[in-house]
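This report refers to the structure that appears directly beneath it.
In each ligand, atom 1 is the first atom listed, and ligand 1 is the first ligand listed. Because the structure is predicted, anything quoted here is derived from the model rather than measured.
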Amino acid sequence: MKAVIFSEHGGTDVLRYADVAEPAIGARDVLVRVRACALNHLDIWVRRGMPGVKIPLPHIGGCDIAGEVAKVGAEVSNVRVGDRVALAPGVCCGHCEQCLAGKDNQCRQYTLLGYMYDGGYAEYVKAPAVNALPAPANLSFEEAAAVPLVFLTAWHMLITRAQLKPSEEVLILGAGSGVGSAAIQIAKRAGAHVIATAGSEAKLAKAKELGADEVINHAKQNIADEVRRITNRRGVDVVFEHVGQATWEQSMRSLAVGGRLVTCGATTGFEGKFDIRYLFSRNLSILGTYMGGKSELFDVFELVARGELKPVVDCVLPLEQAAAAQERLENREQFGKIVLRVP
Ligand SMILES: [Zn+2]
């Protein structure tokens, strides 16, 4: 099969479009003929290499996958050959306390397709059958691939962890990112008042189209000052963080008394500073999240099938152009998801 693989860590020049062996499946696996694979920052971290993380090489990245079931293992009963599916990105042991409690993203063996396992930058991918969910019929493969990671992450952050309420105000950082564009829709659907940030006027206009009530240009404006102005000095109940070091102090300063900062990432750097007195005296909470439980994807896909949440596709490129696609993501040129089409 054709795949985009890398045998050493580095820049996008390590990505090669090559012929590799089709994966062999086990009794509880499915083989999926990939039709579309959406990009995530994870793909870039995995390609560059991370200190203390040993990625199996050569490697195929990509964790947001939609396609058709091509083969099923002997013990598989939830899907059949030919079914249109989207794959849940997370892979877990399936039998520990966390897995059985539905918190598979807290399983000690939790990993993702395209991370410790080969992913979807290929014609075929192997996955546990339990990861195969029916793709909503109203979506193209490209749209279906744009859903799982970002909507699961944003849903888990806002609904499960931060418990966002209709009366609340929320600050969504990075509206142009995949998680940001998902978070705006989830927060609006939850009834909250949404303030979104982005770095260009074009992206701010798109954030408004998605439902943002107020927007802040973080390239020109101070986020915390603008939040104070918009909220009459009160601050927001929830800050949706994933940017990290570059915005952390402003995010903390943007919180109202009793506010919650929920974060899933640190794309600009890993160090965040704050005054501990500020944390306790204002009754603030900092909530860390990583992905979400597989069952939450059922909620997400139901709302996507009803048209209440919509995948935001920035552009679709052929698999061969994976390097150019990753560069677009690294340069933050996108609004929404960059998707690779696998012909
Ligand atoms: Zn487990």
Leu39 side chain near Arg328 side chain, heavy-atom distance below 4.5 Å: no
Phe141 six-ring centre to Arg84 NZ/CZ under 6.0 Å and within 45° of normal: yes
Heteroatom test (N, O or S) for His95 near the Zn ion (ligand 1), limit 2.8 Å: no
N/O/S atom of Cys92 inside 2.8 Å of the Zn ion (ligand 1), strictly under: no
Between Thr231 and Glu169, a side-chain donor and acceptor under 3.5 Å: no
Opening angle between SG in Cys99 and SG in Cys93, taken at the Zn ion (ligand 1), to 10 degrees: 120°
Mutual orientation of the aromatic rings belonging to Trp45 and Phe270 [parallel < 30°, tilted 30-60°, perpendicular > 60°]: tilted
